[in-house]
Trainee: 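For reference, the structure I am asking about is given below.
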2 protein chains.
Amino acid sequence: MDKSVRVLQEKNLKNTHARQVVLDLFLQNSTPIAADQIFSYLIEKKCDIDRATIYRILDTFVEKGILHRMEFQEGKFRYEISGSDHHHLICEKCSSISDISDCGISEWEKEIRSKKGFLVKRHSLEFFGQCSSCQS
Amino acid sequence: MDKSVRVLQEKNLKNTHARQVVLDLFLQNSTPIAADQIFSYLIEKKCDIDRATIYRILDTFVEKGILHRMEFQEGKFRYEISGSDHHHLICEKCSSISDISDCGISEWEKEIRSKKGFLVKRHSLEFFGQCSSCQS
DNA sequence: TTACTTGCAAAGGCTTTGCATCGCC
DNA sequence: GGCGATGCAAAGCCTTTGCAAGTAA
């Protein structure tokens with residue numbers, strides 16, 4: 001796994017153990033991950049990294065555009081590797097998260113610019129409901 | 001202001017002073033309001049209602065469908081009176097919030113149902129960027 | 001070497017909970 | 001009168017911050 005090393009270099013970030021571990025986790029799981037899931041992962045991996053460090057790494061990665069930060073109405077943030085523009089289907093029963101691709105929100109954004117004068121930098125779109133397995 | 005009284009009756013909720021005050025605030029302001037804004041409003045109005053009570057009222061109103069709960073990536077919840085299906089333009093400079101009407105997300109929802117088997121109950125869509133006054 | 005990163009400990013912000021009291025219907 | 005709502009105090013999460021020590025480049 002030296003992809004993480006490469007990414008850190010590209011972004012002019014020092015290559016530290018903590019950053020590599022966190023970045024590898026995100027590179028291996030392209031699903032939105034919350035801080036507490038990172039903590040559990042680290043305990044399981046017997047990897048002793050402080051919470052404050054994790055939060056600082058997450059902030060740095062978001063600033064550098066490596067991660068996206070999002071909220072799923074849980075009262076906490078989730079983070080996902082940047083890249084494909086897509087949205088999420090969040091099951092309110094089993095909490096599973098799946099993706100759907102972006103089907104043309106950027107068209108709206110142009111319209112918003114011309115009609116409202118508002119310049120859209122980013123958007124968030126999430127769907128909440130029940131996944132196919134949870135509909136009995 | 002007996003609209004609030006009517007709403008509470010319709011929802012089978014006891015008509016208490018705290019609920020009326022909170023509901024009136026939302027009926028008079030159809031913009032997303034956070035709990036701390038309610039606290040400030042109450043202080044200004046010299047209205048002594050406990051924070052716990054406010055949070056409990058907000059939960060009740062969301063359960064009953066009187067309010068919608070949403071997040072604008074601020075690490076806290078906002079609430080807005082239910083009704084028209086619309087989305088928000090959030091200015092990252094001046095924090096102003098404006099509305100745009102729903103332009104067809106419900107079409108997507110049908111598509112999601114048929115293609116993915118996922119049953120959408122609700123969705124959230126927010127646009128972040130700069131309002132017209134903040135673009136210099 | 002030097003500026004950046006980390007750990008530790010503490011605090012901060014938002015929200016929830018338990019329990020006794022109060023008040024609407 | 002009875003059940004539900006409220007106040008008070010405490011705690012629970014999630015996250016941030018200050019500072020000293022450690023470390024990559």
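The sequence lines fix the lettering, A, B, ..., with proteins before strands; numbering per chain opens at 1. Computed from a predicted model, the values in this text were never measured in an experiment.
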Trainee: Mind calculating the distance between CG (B:N12) and C1' (C:dC24) to the nearest angstrom?
Mentor: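 Value for this atom pair: 14 Å.
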
Trainee: How is A:D48 classified with respect to the nucleic acid when contacts are heavy atoms under 4.0 Å: base, sugar-phosphate, or nothing?
Mentor: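 A:D48: backbone/sugar contact only, no base atoms under 4.0 Å.
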
Trainee: Grab the CZ-C1' distance between B:F61 and D:dT6 for me, whole Å please.
Mentor: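 Checked: the CZ to C1' distance equals 14 Å.
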
Trainee: From CZ of B:R69 over to P of C:dC14, roughly how many Å is that when rounded to an integer?
Mentor: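 It is 15 Å, rounded to the nearest whole Å.
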
Trainee: What is the nucleic acid contact for A:A34, judged by heavy atoms within less than 4.0 Å: base, sugar-phosphate only, or nothing?
Mentor: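 No contact.
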
Trainee: Could you check whether A:E10 pairs with A:K3 (Lys NZ or Arg NE/NH1/NH2 to Asp/Glu carboxylate O, under 4.0 Å)?
Mentor: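 Salt bridge between A:E10 and A:K3, a charged N being under 4.0 Å from a carboxylate O: no.
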
Trainee: Let me know the distance between CZ of B:R51 and C1' of C:dG13, rounded to the nearest Å.
Mentor: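 Distance check: B:R51 CZ to C:dG13 C1' gives 9 Å.
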
Trainee: Give a yes/no on whether any side-chain N or O of A:R19 is located under 4.0 angstrom from OP1 or OP2 of C:dT5.
Mentor: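 For C:dT5, OP1/OP2 do have a side-chain N/O of A:R19 under 4.0 Å.
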
Trainee: Expressed in angstrom and rounded to an integer, what is the separation of B:L13 atom CG from C:dC24 atom C1'?
Mentor: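 Result: 12 Å.
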
Trainee: Please check the phosphate of D:dT16 (OP1 and OP2 only) for any side-chain N or O of A:Y55 closer than 4.0 Å.
Mentor: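 Checking D:dT16 against A:Y55, no side-chain N or O comes under 4.0 Å of OP1 or OP2.
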
Trainee: Is the shortest side-chain N to carboxylate O distance from A:R69 to A:E63 below 4.0 Å?
Mentor: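 Salt bridge absent between A:R69 and A:E63.
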
Trainee: The side chain of A:K14 is closest to which nucleotide in this list: C:dT6, C:dC4, D:dG2?
Mentor: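 Given the options C:dT6, C:dC4, D:dG2, the side chain of A:K14 is closest to C:dC4.
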
Trainee: Does the side chain of A:N15 come under 3.5 Å of the side chain of A:Q20 through a donor N or O and an acceptor N or O?
Mentor: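 Distance-only check passes for A:N15 and A:Q20.
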
Trainee: Using whole Å, what does the distance between atom P of nucleotide C:dT6 and atom CG of A:D59 come to?
Mentor: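 Checked: the CG to P distance equals 12 Å.
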
Trainee: Tell whether B:R56 reaches the base of C:dG18 with its side chain through a donor-acceptor pair below 3.5 angstrom.
Mentor: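 Such a pair is found, so the answer is yes.
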
Trainee: Rounded to the Å, how far apart are B:K76 NZ and C:dT16 C1'?
Mentor: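 Result: 18 Å.
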
Trainee: Check whether any side-chain heavy atom of A:E80 sits under 4.5 Å from a side-chain heavy atom of A:H88, and report yes or no.
Mentor: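 SC-SC contact between A:E80 and A:H88 confirmed.
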
Trainee: Going by atom types alone, do B:H123 and A:E126 pair a side-chain donor with an acceptor below 3.5 Å?
Mentor: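 Side-chain D/A pair, B:H123 to A:E126: absent.
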
Trainee: Could you work out which one of C:dC24, D:dT6, C:dT15 sits closest to the side chain of B:A18?
Mentor: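 Side chain of B:A18 sits closest to D:dT6.
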
Trainee: Please check the phosphate of C:dT5 (OP1 and OP2 only) for any side-chain N or O of A:T16 closer than 4.0 Å.
Mentor: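 Answer no for this pair, as no side-chain N or O of A:T16 is under 4.0 Å from OP1 or OP2.
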
Trainee: Looking at every strand, decide which applies to B:N15 at a 4.0 Å heavy-atom threshold: base, sugar-phosphate, or nothing.
Mentor: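 Sugar-phosphate, no base atom in range.
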
Trainee: In whole Å, what is the span from the CD1 atom of B:I57 to the P atom of C:dT15?
Mentor: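 Taking CD1 of B:I57 and P of C:dT15, I get 15 Å after rounding.
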
